[in-house]
Asker: 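Can you read through this structure? Questions will come right after.
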Amino acid sequence: MAMTRTPVRRVLDYAVLSVLAFVFALPALYLFLGSLKPSDEVLNGLSGFLPTRLSFDNYAAVLDSLNSDSTGYFWQFMGVSVLLSFVVVTGGLIVNSMAAYGLTRLKWRGRNAVFTLVLLLMLIPFESVAVPLFYMFNGQRNTLYIQALPFIANAFAIYQFHTFFKKIPPSIEEAARLDGAGPWRTFFAIIVPMSRPVFASVAILTFLIQWGSFLWPVLMVSDPSVRPLPLEMSVFQGQQPPDWGQILAFGVLLVLPVLVVFAFFQRWFVQGVASSAVKG
């Protein structure tokens, strides 16, 4: 019999969760308030949380300072990051979901060995293969496609899709086959619509990783015309003397697209988390 929580226990749970949420939100709050303050008031410890002398001057200064051929254009850097993230997320959803479906439902020799290899690839950090990849693709430096191509196929995304697809009853696909649907039609007309939560989860996680990608652009990009936003922020931060108000404003502009993507996918993402918790 399921245990019901008492009102006191429920209040305590919400109180603890509220405190934890507030603690985790403090850095984001400090980032936002600091972006609205003069540079000499940003690094003032806890007093940085006091909302005094707030304005959007730092945002205007960031956009003005990155608005010429010599410095590059802020919206160009933003556009590069948006394009790369779109390609990696969209391509990854297609490639990784199809690979996971083949490993989950289709029967072919060597399937278990391939899936084991996918699991092993999850254990290899990107930093350990970054230098070999750099020498392999050195001739394609300063291009857009080389910043996206190595990250479309992702072992962890395949594993997430594989885990979700295994929970779908095979009887649904058997009924589709009796109606004359082949593997392709079954996948796109039945499996994909039923798998919105895992697609949302993979999309959010893939976007977060790609949007914050830094090591690979550092190795492969020196041309400002194809420089993504995180790499440009490191260049901007390295200018002397550092203007911390503008740096934090740049940080807010870097975070905003992440919030937009999460707000777009959060409905299905929450459904996927809740479903996993119930089935677990």
Side-chain angles (χ1 to χ4, degrees), residues 76-106 111 114-115 117-122 124-127 129-130 132-134 136-165 183-221 223 225-231 254 257-266 268-269 272:
Q76 182 180 27
F77 303 134
M78 175 74 79
V80 169
S81 288
V82 170
L83 176 61
L84 293 175
S85 299
F86 175 80
V87 171
V88 171
V89 171
T90 305
L93 290 178
I94 297 172
V95 171
N96 297 318
S97 63
M98 292 174 63
Y101 185 73
L103 291 170
T104 307
R105 289 291 195 258
L106 304 183
R111 182 182 67 172
V114 173
F115 183 65
L117 179 61
V118 171
L119 295 179
L120 292 175
L121 289 175
M122 291 172 54
I124 302 176
F126 176 74
E127 289 77 6
V129 298
L133 285 175
F134 169 78
M136 287 175 59
F137 298 111
N138 191 43
Q140 286 78 43
R141 295 180 72 248
N142 293 315
T143 59
L144 288 174
Y145 73 88
I146 201 57
Q147 298 185 63
L149 185 63
F151 306 101
I152 292 178
N154 184 279
F156 183 64
I158 294 175
Y159 174 75
Q160 285 184 292
F161 280 116
H162 180 273
T163 302
F164 190 90
F165 291 160
W184 291 102
R185 183 179 176 186
T186 300
F187 177 72
F188 286 105
I190 297 175
I191 300 300
V192 172
M194 294 179 61
S195 306
R196 289 178 180 175
V198 69
F199 273 86
S201 300
V202 172
I204 291 174
L205 295 177
T206 303
F207 178 82
L208 286 174
I209 295 172
Q210 177 59 36
W211 187 260
S213 177
F214 182 76
L215 176 60
W216 187 241
V218 166
L219 294 175
M220 301 301 292
V221 176
D223 185 353
S225 64
V226 292
R227 183 182 295 165
L229 206 57
L231 182 56
L254 183 63
V258 178
L259 300 179
V260 173
V261 170
F262 182 79
F264 182 79
F265 286 105
Q266 62 89 22
W268 298 289
F269 179 76

Asker: Enter the distance from Met122:CE to Asn154:CG here, rounded to the nearest 0.5 Å.
Answerer: 8.5 Å
Asker: What distance separates Ser85 OG from Leu229 CG, expressed to the nearest 0.5 Å?
Answerer: 10.0 Å
Asker: For Tyr159, I'd like to know if atom OH has over 12 heavy atoms of other residues, nucleotides or ligands within 6.0 Å.
Answerer: no
Asker: Does Pro193 have any side chain to side chain contact (heavy atoms under 4.5 Å, CB included) partners at least two apart in sequence or in another chain, and if so, which?
Answerer: none
Asker: With a 3.5 Å distance limit and no angle check, can you tell me whether Asn96 reaches the backbone of Ile152 through a side-chain donor-acceptor pair?
Answerer: yes
Asker: Which atoms form the tightest heavy-atom contact between Ala130 and Leu215, and what is the distance?
Answerer: CB-CD2, 4.0 Å
Asker: Heavy-atom distance under 4.5 Å between the side chains of Gln147 and Ser213, does that happen here?
Answerer: no
Asker: With sequence neighbours left out, what residues match Tyr101 under ring pair (Phe, Tyr, Trp, His ring centres under 6.0 Å)?
Answerer: Phe187
Asker: Just do the side-chain contact (heavy atoms from CB on, under 4.5 Å) check on Val89 and Gln210 with the steps written out, would you?
Answerer: CA-CA 8 Å; Val89 171; Gln210 177 59 36; 5.6 Å; no
Asker: Decide side-chain contact (heavy atoms from CB on, under 4.5 Å) for Asp223 and Val226; before the verdict, give the C-alpha distance in whole Å, the side-chain angles of both, and the deciding distance to 0.1 Å.
Answerer: CA-CA 6 Å; Asp223 185 353; Val226 292; 4.0 Å; yes
Asker: What are the two closest heavy atoms between Ala100 and Thr104, and how far apart are they?
Answerer: O-OG1, 2.6 Å
Asker: One pair to check against side-chain contact (heavy atoms from CB on, under 4.5 Å): Met98 and Trp184. What are the steps and the verdict?
Answerer: CA-CA 9 Å; Met98 292 174 63; Trp184 291 102; 3.0 Å; yes
Asker: Got a sec, which residues hit side chain to side chain contact (heavy atoms under 4.5 Å, CB included) with Leu133, two or more places apart in sequence or on another chain?
Answerer: Phe126, Val129, Met136, Phe137, Trp216
Asker: Tell me whether Arg227 contacts the main-chain N or O of Val221 through its side chain, where contact means a donor paired with an acceptor under 3.5 Å.
Answerer: no
Asker: For Arg185, does the CZ atom sit with more than 12 other heavy atoms under 6.0 Å from it, leaving out its own atoms?
Answerer: no
Asker: Looking at every heavy atom in both Arg111 and Gly102, which two are closest together, and how far apart are they?
Answerer: CD-O, 3.9 Å
Asker: Once side chain to side chain contact (heavy atoms under 4.5 Å, CB included) is applied, do any residues pair with Ala99, and if so which ones, sequence neighbours excluded?
Answerer: Ile158
Asker: Of all residues at least two apart in sequence or in a different chain, which pass the ring pair (Phe, Tyr, Trp, His ring centres under 6.0 Å) check with Phe161?
Answerer: Phe165, Phe199
Asker: Is the shortest side-chain heavy-atom distance between Ser81 and Pro230 below 4.5 Å?
Answerer: yes
Asker: Under the side chain to side chain contact (heavy atoms under 4.5 Å, CB included) rule, collect the residues that match up with Arg141, sequence neighbours excluded.
Answerer: Phe134, Asn138, Met220, Ser222
Asker: If you compare all heavy atoms of Val202 against all heavy atoms of Ala157, which two are closest, and at what distance to 0.1 Å?
Answerer: CG1-CB, 3.9 Å
Asker: Show the numbers, then the answer: is there a side-chain contact (heavy atoms from CB on, under 4.5 Å) between Phe156 and Leu205?
Answerer: CA-CA 10 Å; Phe156 183 64; Leu205 295 177; 4.2 Å; yes
Asker: To the nearest 0.5 Å, how far apart are CG in Leu117 and CG in Leu103?
Answerer: 10.0 Å
Asker: Compare every heavy atom of Val80 with every heavy atom of Ser225, then report the nearest pair and how far apart it is.
Answerer: O-CG2, 3.8 Å
Asker: Does any non-hydrogen side-chain atom of Val82 lie less than 4.5 Å from one of Trp211?
Answerer: yes
Asker: State, yes or no, whether a side-chain contact exists between Leu208 and Ile204 at a heavy-atom distance under 4.5 Å.
Answerer: yes
Asker: Could you check whether any side-chain N or O of Ser97 sits under 3.5 Å from a backbone N or O of Ile94, counting only pairs where one atom can act as donor and the other as acceptor?
Answerer: yes
Asker: Without swapping roles, check the side chain of Thr143 against the backbone of Gln140 for a donor-acceptor pair under 3.5 Å.
Answerer: yes
